[in-house]
Structures are given as structure tokens and as C-alpha cells.
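Report on one structure; see the data block that follows.
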Protein chains: 2
Amino acid sequence: MTDPPPTHDIEAVFREKGIPFTRQRRLIWEFFAGADRAATITEAADALRGDGVGQATVYRTVTLFSDLGLLARVQDRRGDICYTAPPIGHSHPLVCGVCRKVVRFDGDGDVRDLEARLGAESGFAIYGHHLEVYGICSECRTAKDGDHAG
Amino acid sequence: MTDPPPTHDIEAVFREKGIPFTRQRRLIWEFFAGADRAATITEAADALRGDGVGQATVYRTVTLFSDLGLLARVQDRRGDICYTAPPIGHSHPLVCGVCRKVVRFDGDGDVRDLEARLGAESGFAIYGHHLEVYGICSECRTAKDGDHAG
DNA sequence: TGCGGGTTGAGAACAGTTCTCAATCGGAGC
DNA sequence: GCTCCGATTGAGAACTGTTCTCAACCCGCA
């Protein structure tokens, strides 16, 4: 696993684009970047309410981060929309359906082959794809095995 | 491309499971199966309102079809949730981001290789994946080229 | 034809998201 | 340090999409 991207990198992205990196944005970024699993907007808003970050700001900011490619949208097993950092620029999320832990993988070579083939066969101009893989992480499996007694 | 599955096949699926295939369900199925592109629930409800199909019924029925694997959920370019028939059991949707036309492709071999690798590397017990490829179909590209004048 | 269980439609209720608007913040210029 | 100005923020209203409730209805069965 890679380290979470340091906050100052993100600041650089913002500065480069001339967008203010405010206290609230930093807090929201740290919430997602600091977690090793995907979180919903509601969870972020709940967690940051105590820090004086409003719900609307969380929505706005998550949208902003998504637009900038800094957060990726994934789904948990119930279909809830979650967000995960760091960017999925050229990687894809492997999401634990139980605890929502996210492991990133490349896999882009595979998909790019497929895209090239598809484009040729279908006549579509391919502009992107969305690939998520779902599984249960080893910890959750262990926990589940332990639960068998109860 | 494969032909859309005939309605009597779907009826057989329902009969086999002992679920009534009502007039409303038939209409909703025909709406999705008859379209060559993904449609939202709202669109289906609007289209079928005149046939006396209520909104709640559309929601219920689309959920039912999804559970049975008869409809697949995809997203258009704006992120709107759409549904498309026939089933994506072991195929994946290639979605036109403009007109939402859906072409199905297999590509499962590619992903299964990837899944096996991922499972081994990450320790996750892989239980599924979600792959959508986005592009612009040739018709929409032609239309867009034509628009260049205006 | 009458019965019973599942399905349906209308609309209320609910949850998630977006919008509105005044207050606040932060950087630039003095 | 102070003022100005535009962007951002928070609170809550408004809106949208989805689910729930419940009486009416439909269909298979006897």
C-alpha cells in the first residue's frame, strides 16, 4: 500500500489552480485522506460538525475534490455512495464490502487493452471507464469466522 | 450484439420463481427491453403513467428486476442512475455518454484474470466487480460533427 | 361466484442533496 | 494595522428522488 498523499501536495494543486485551500477544505481533505476506507458524505459531515464544518460545505467540497480528481466515488455493498482518497487517476479501487477498506490497484493495462478492442469493434470513441472490484478483506473474513460461534 | 430477450423468457423466469408477471411488470419490462439505451426510473414512470402504472410500482418493479438480474444499473455522463436490459449476467455495458445507447460486451475473461490476481495479492475474497466503459457512439459523433457549423 | 394473498396507485413521509442569503474570511492595497 | 472586495461558509429552507402506508384491486383457485 502507498502512503496517503501529503496535504501540501493538495495545497499545491489548489494554488496552481488559484483556488483557496481553506480551513474547511483542509479538514475535509484530511478526513478522507486520513481514512483507509471509503466514507460517505454524511459520515464526513458528522465527523466534522464538531470542527465547525457545515453540511453544505462538505457537499460542496466533496464535489470540488471529485471534479479535481482528488476523490473517487465508490459504492459499498449496500449501494451507498462513498468517497475515497487518494485519486484514482490511473488506479482502481478494490473495496471491502463489509468495512469499506479500499486498496488501490493499477489494472489499467488490462482495461486499456479492452477499451482499444471495444472501440474498434463498436465504433464508440471511448473516453473512460469505471471499474470497481468488490471483496471481503482478510480482517473482515477473520472476524466473520470468529462470529461463527455466536 | 445479441437480440433483446423475448418477453416470454422473462415470464418463464417469473413463473419458475412463482412470482406473478403482472400487466404492470410486463409494461415496465417492455419499456426497458424495447429501448436500446439505458433509461432512468423517472423516464420509465413518465412513459408508463399513461398506461396507468404508478411511480411506486416502477420503483418496486425495477428493484425486483435488478434483484433478479434482469436489469443492470449504469450511469450516464452526468452521473444519473439508469437501468438497462437485458441482463448483464456476464457481460458489461458500454454506454454512450450522450444518448445512453448501451452495447454489451463480454470482457469477463479480462476481469476474471484481474480478479484472481487481485485476490491473491490483496488477500481479499473477491465476490464481484462493476465495470462500465463510457464512450460516444458513432451516431452521436456524427451528429456532433454536423453541429460544428452551428 | 366467493375467497385470500399478493400487487397496485396515490400520496404522505423520509433521506439525501442543492439552493439561498447574510455573515465571515482572507488577500491586496494603502 | 486598516479597509475593501470577492470568495467561502453555515443554517436552514427547498427541492428531488425514493420508500412507506394502506385501502382497493386483480388473479388464481375452489
Side-chain angles (χ1 to χ4, degrees), chain A residues 7-8 10-32 38-68 70-71 73-83 100, chain B residues 7-8 10-32 38-68 70-71 73-83 100:
Chain A
T7 303
H8 58 77
I10 306 301
E11 285 196 56
V13 172
F14 273 71
R15 206 174 308 119
E16 196 177 308
K17 293 182 183 289
I19 305 171
F21 193 67
T22 62
R23 184 183 73 90
Q24 288 86 344
R25 288 177 182 166
R26 177 191 306 276
L27 284 166
I28 293 167
W29 173 253
E30 284 172 354
F31 175 83
F32 283 102
T40 64
I41 289 185
T42 307
E43 286 165 357
D46 285 349
L48 298 171
R49 185 168 305 135
D51 295 314
V53 180
Q55 190 191 35
T57 301
V58 177
Y59 275 98
R60 280 187 288 237
T61 305
V62 167
T63 303
L64 176 65
F65 283 157
S66 293
D67 289 349
L68 294 173
L70 300 172
L71 284 182
R73 214 168 93 153
V74 300
Q75 279 182 46
D76 71 6
R77 208 170 193 175
R78 285 176 36 208
D80 288 348
I81 303 297
C82 308
Y83 290 84
R100 299 205 297 240
Chain B
T7 303
H8 58 77
I10 306 302
E11 286 196 54
V13 171
F14 272 71
R15 207 173 308 120
E16 196 177 307
K17 293 183 184 287
I19 305 171
F21 194 66
T22 63
R23 184 183 73 91
Q24 287 85 346
R25 287 176 182 168
R26 177 191 305 277
L27 285 165
I28 292 167
W29 173 252
E30 285 173 354
F31 176 85
F32 283 101
T40 63
I41 289 185
T42 307
E43 286 165 357
D46 284 350
L48 298 171
R49 185 168 304 135
D51 296 313
V53 180
Q55 190 190 36
T57 301
V58 177
Y59 275 97
R60 279 187 289 236
T61 305
V62 167
T63 303
L64 176 65
F65 284 157
S66 293
D67 287 350
L68 293 173
L70 300 171
L71 284 180
R73 214 168 93 153
V74 299
Q75 279 183 44
D76 71 6
R77 209 170 191 175
R78 284 175 39 209
D80 288 349
I81 302 297
C82 309
Y83 290 84
R100 299 205 297 240

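Just so we're on the same page: letters track the sequence lines, and every chain starts at 1. We use all heavy atoms of the structure for the numbers below, so side chains are in, but hydrogens, waters and symmetry mates are not.
For dG6(C), the OP1/OP2 oxygens have no side-chain nitrogen or oxygen of Thr22(B) closer than 4.0 Å.
In this structure the side chain of Thr40(A) reaches within 4.5 angstrom of the side chain of Arg100(A), judged on heavy atoms. Using a 4.5 Å heavy-atom cutoff, the side chains of Leu71(A) and Trp29(A) are in contact. Gln75(A) has its side chain out of reach of Asp80(A): every pair of non-hydrogen atoms, C-beta onward, lies at least 4.5 Å apart.
The distance between atom CD of Glu11(A) and atom P of dG27(C), rounded to the nearest whole Å, is 11 Å. Note: CD1 (Ile28(B)) to C1' (dG9(C)) measures 12 Å, nearest angstrom. Straight-line distance from the CZ atom of Phe21(A) to the C1' atom of dA7(D): 16 Å, rounded to whole Å. The CD atom of Gln24(A) sits 13 Å away from the C1' atom of dA23(C) (whole-angstrom rounding). Rounded to whole Å, the distance from CG on Asp80(A) to C1' on dT17(C) is 15 Å. Atoms CH2 (Trp29(A)) and P (dT8(D)) sit 18 Å apart, rounded to a whole Å. One atom, CG of Leu27(A), and another, P of dT8(D), lie 17 Å apart when rounded to the nearest Å. Remark: P of dT8(C) and CZ of Arg49(B) are 17 Å apart, rounded to the nearest angstrom.
Judged as a ring-ring contact (aromatic ring centres under 6.0 Å, His included), and not counting sequence neighbours, the contacts of Phe14(A) are Phe21(A), Phe65(A). With sequence neighbours excluded, no residue forms a side-chain hydrogen bond (donor to acceptor under 3.5 Å, both in side chains) with Gln55(B). When the side-chain hydrogen bond (donor to acceptor under 3.5 Å, both in side chains) test is applied to Gln24(A), no partner is found at least two apart in sequence or on another chain.
Nearest to the side-chain atoms of Val53(A) among the listed nucleotides dG10(D), dT8(C), dT8(D) stands dG10(D). Comparing dG6(C), dT9(D), dT8(C) against the side chain of Thr57(B) picks out dT8(C) as the nearest.
Note on the helix from dT1(C)-dA30(D) to dC30(C)-dG1(D): angle between the axes of the first and last five pairs equals 30°, rounded to 10 degrees.
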List the protein contact pattern of nucleotides 12-30 of chain D with one symbol per nucleotide (5' to 3'): B for base contact, S for sugar-phosphate-only contact, - for none; contact means a heavy-atom distance under 4.0 Å.
B----SBBBB---------
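Pairs of residues two or more places apart, or lying in two chains, that qualify as salt bridge (Lys or Arg N to Asp or Glu O under 4.0 Å) and include a residue from residues 49-63 of chain A are Asp46(A)-Arg49(A).
For Arg25(B) (side chain) and Pro20(B) (main-chain N/O), a donor-acceptor pair under 3.5 Å exists by modelled atom type.
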Between Val62(A) and Phe32(A), is a side chain to side chain contact (heavy atoms under 4.5 Å, CB included) present by the stated rule, with each step listed?
CA-CA 10 Å; Val62(A) 167; Phe32(A) 283 102; 3.8 Å; yes
